[in-house]
2 protein chains.
Amino acid sequence: MVDNTMDKRVIRTKRLIRNVFTELMEEKGFEGITVKELTTKADINRGTFYLHYKDKQDLLEQCEEQIINEINDILKIERQLNLEETLNYYSKYEPPPFVVKLFDYILENASFMKVMLGPNGDPSFQIRMKESLRKNMLVKIEEKFHKEQMMVPQECLLAYISSAYLGVIQYWLESGLKESPRDMALVLLKITFLGPLTVTGFPNTFKS
Amino acid sequence: MVDNTMDKRVIRTKRLIRNVFTELMEEKGFEGITVKELTTKADINRGTFYLHYKDKQDLLEQCEEQIINEINDILKIERQLNLEETLNYYSKYEPPPFVVKLFDYILENASFMKVMLGPNGDPSFQIRMKESLRKNMLVKIEEKFHKEQMMVPQECLLAYISSAYLGVIQYWLESGLKESPRDMALVLLKITFLGPLTVTGFPNTFKS
DNA sequence: ACAATTAATGAACACTCTGTTTATTAAGTG
DNA sequence: CACTTAATAAACAGAGTGTTCATTAATTGT
């Protein structure tokens, strides 16, 4: 537990640990990881691990903390974007830049994100991701609307959208990142604005 | 590992183990549970645990298997419901019965579901839930539409909707189950058919 | 370039939990 | 009531944990 982040040895060791940690999470999940195996695979002394982390839970939390902070930064920068501006982007078939940036960032950290949001991942990390998405929602509902004029409870809608967004991110990671960040941002924009039913192309007779 | 499910003692012991398991999952998560503590809290001999389960992983899987099977049964019974029929329900502001039944079942098993879908839960269980939802989707996209007429990749839309559904279920469990199963089913129906933007009540000028 | 600093190592420690086995006790069965 | 079998108690080796300490090696600032 030292915070001297300047020393080359510390940087090297921490990077080693984190890389092997990601691999092992993918392989056997957090439960299945032992500090012994982790350090053996990273080719460092087991005692060295405890110089930097309290235990493997602490390692997990430190990794997650960094990612969540960086994602919050991306979403925060352009927090001012309101619904009209977003609609304006949509009318030009152009996704808002901060959504593209989010997908760019996920792409850069794909291996970690894929593991943490996958079947061997950490559900509390998924919840924190949804929390970030909700606080910086594409459709900024809280500021714009009063609860009364909503057709469903506001909390339900926020849960719906933020979960849907995370789900699409999970699909993207799981299916091999074939679409571009820009395309993915457009997908979210389209489904959210047009609605799931409309994007299927089903002739929508009752809506008016 | 015995399958004599008739004996009163077996039923009692298994029920004890599962109840304490749910409590401990809530408290400290799967990682934090030890067979020792589990059996102490359940007031049974540690050896007895191994008479019924290979290890705690096996216990988790057996519990999940049962729930997933029962949910699949609920969703399968009415699998035949097609989009027109669902739209018909919607036009009468009445949710399809099988969606209400799903929420009824979740309510009955609320403590287990809340834990497994919460921050200390099992992400692979969440994935299996989404899988069940996708296979028996309210909007039965696969049968009804060709991929070409879709405005976004079909897989993305399926990920979007199934994740959104699960997210609303998670919200419902987390927020104390205040709404009725029928109300929750209606919420899903509304958001999915009208779209997230429309249900906010925002004047929708560009859609036509 | 060198002395000072400190990260990394290797070995050892007591401790906890695991999964299995054995003989014995107690409960449920027909 | 006799039979079957689930539950118990105690013991076991094995594996991983988190800590300590003396030693080695790498990095830093001057």
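Every value quoted in this text rests on a predicted model; they were computed, and no experiment measured them. Every chain is numbered from 1, with letters handed out A, B, ... down the list of sequences.
With hydrogens and angles left out, the side chain of Asp7(B) and the base of dG28(C) share no donor-acceptor pair within 3.5 Å. Taking 3.5 Å as the limit, the base of dG10(C) and the side chain of Arg46(A) contain no donor-acceptor pair of atoms between them.
Side-chain atoms of Glu84(A) and Asn88(A) include no donor-acceptor pair closer than 3.5 Å. Remark: the Gln62(B) side chain and the Tyr53(B) side chain contain no N/O donor-acceptor pair separated by less than 3.5 Å.
Minimum atom distance to the side chain of Thr13(B) is reached by dA7(D), of the listed dT29(C), dT9(C), dA7(D). In this structure, of dC17(C), dG18(D), dA7(C), it is dA7(C) that holds the atom nearest to the side chain of Leu51(A). Counting only heavy atoms from C-beta on, Val10(A) has its side chain closest to dA7(C) among dT8(D), dG19(C), dA7(C). Residue Ile44(B) places its side chain closer to dT8(D) than to any other of dA7(C), dG16(D), dT8(D). Across dA7(D), dA8(C), dT8(D), the shortest atom-to-atom separation from the side chain of His52(B) is found for dA7(D).
For the OP1/OP2 pair of dA7(C) and a distance below 4.0 Å, the side-chain nitrogens and oxygens of Thr48(A) include no atom meeting the criterion. At the phosphate of dG18(D), OP1 or OP2 sits under 4.0 Å from a side-chain N or O atom of Tyr50(A).
The nearest heavy atom of DNA chain C to Gly47(B) and to Arg9(B) marks one nucleotide each, and the one closer to the 5' end goes with Gly47(B).
dT5(D) atom P lies 17 Å from atom NZ of Lys14(B), rounded to whole Å. A straight line from CD1 of Ile33(B) to P of dC17(C) spans 14 Å, rounded to a whole angstrom. The CD1-C1' distance, from Ile11(B) to dA27(C), rounds to 14 Å in whole Å. If you take CG of Asp55(A) and P of dT16(C), they are 17 Å apart, rounded to a whole angstrom. Going from atom NZ of Lys36(B) over to atom P of dA11(D) covers 14 Å, rounded to whole Å. The distance between atom CG of Asn45(B) and atom C1' of dT24(C), rounded to the nearest whole Å, is 12 Å. For Lys54(B) and dT18(C), the NZ to P distance is 14 Å, given to the nearest whole Å. Rounded to a whole Å, the CZ atom of Phe49(B) is 13 Å from the C1' atom of dC17(C).
Partners of Ser111(B) according to the side chain to side chain contact (heavy atoms under 4.5 Å, CB included) rule, which considers only residues two or more places apart in sequence or in another chain, are Thr22(B). In this structure, Glu108(B) has no salt bridge (Lys or Arg N to Asp or Glu O under 4.0 Å) partners at least two apart in sequence or on a different chain.
Between atom SG of residue Cys156(B) and atom CG of residue Leu186(A) there is a gap of 11.5 Å, rounded to the nearest 0.5 Å. Here CD of Glu131(A) is found 12.0 Å from OG of Ser124(A). Values are rounded to the nearest 0.5 Å.
Taking the ring axis of Phe21(B) as reference, the NZ or CZ atom of Lys56(B) does not stay both within 45° of it and closer than 6.0 Å to the ring centre. Cation-pi geometry between Lys54(B) and Tyr50(B) is not satisfied (NZ or CZ under 6.0 Å from the ring centre, within 45° of the ring normal).
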inquiry  = Could you spell out the base pairing of DNA chain D as a dot-bracket line? Use Watson-Crick and G-U wobble contacts where both distances are under 3.5 Å, [ ] for crossing pairs, | for partners on a different strand.
reply    = ||.||||||||.|||||.||||||||||||
